[in-house]
Amino acid sequence: MDVWFPLQVKQKDKAGRPDVDMFEAVLMRENRTKGFFVSFDFSSDALHEIDAFFRREHRVIIPLTVREILDESIAQKLA
């Protein structure tokens with residue numbers, strides 16, 4: 001079964017657009033339609049690029065913050 005999703009974890013206060021750009025390259029290279037990106041927070045440019053990537057490539061990057069994971073409030077994002 002060839003179903004797996006890349007996971008990127010950044011130990012940064014805010015992941016930026018360059019971080020998202022590098023993760024997009026991984027999704028394209030590995031031919032994955034979905035990936036998870038974990039950081040303490042995301043810049044507005046990073047979130048805008050995640051949205052633009054979906055509209056452009058029809059591939060999903062799910063941004064998760066450490067706080068969401070610790071608060072166990074991620075169920076809606078993972079659905």
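In this text the structure is predicted, and so the values were computed from the model without any measurement.
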For D71, does the CG atom sit with more than 12 other heavy atoms under 6.0 Å from it, leaving out its own atoms? yes

Consider only side-chain heavy atoms of I, L, V, M, F, W and Y, link residues closer than 4.5 Å, and tell whether F54 and F37 are in one cluster. no

Nearest-0.5 Å distance, NZ of residue K34 to CH2 of residue W4: 14.0 Å

For I61 versus I50, what's the shortest heavy-atom pair and its separation? O-CG2, 3.3 Å

Side-chain donor-acceptor contacts of residues 19-26 below 3.5 Å, not counting sequence neighbours, with atom names and distances?
unit_1, atom_1, unit_2, atom_2, d
D19, OD1, K12, NZ, 3.3
D19, OD2, K12, NZ, 3.0
D19, OD2, G16, N, 2.8

In this structure, which one of R67, Q11, K14, K10 forms a side-chain contact (heavy atoms from CB on, under 4.5 Å) with F40? Q11

Heavy-atom pair with the smallest gap, counting every atom of V60 and L27: O-CD1, 4.3 Å

Closest non-hydrogen contact found for L64 with E68 is CA-OE1, 3.4 Å

Between A15 and A46 the two heavy atoms that sit nearest each other are O-CB, 3.5 Å

Can you get from V3 to M28 by hopping between Ile, Leu, Val, Met, Phe, Trp and Tyr side chains that sit under 4.5 Å apart? no

So, R59 side chain and R32 main chain: donor-acceptor pair closer than 3.5 Å or not? yes

Counting N and O atoms only, with roles assigned by atom type, does the side chain of S39 sit under 3.5 Å from a partner on the main chain of F42, one being a donor and the other an acceptor? no

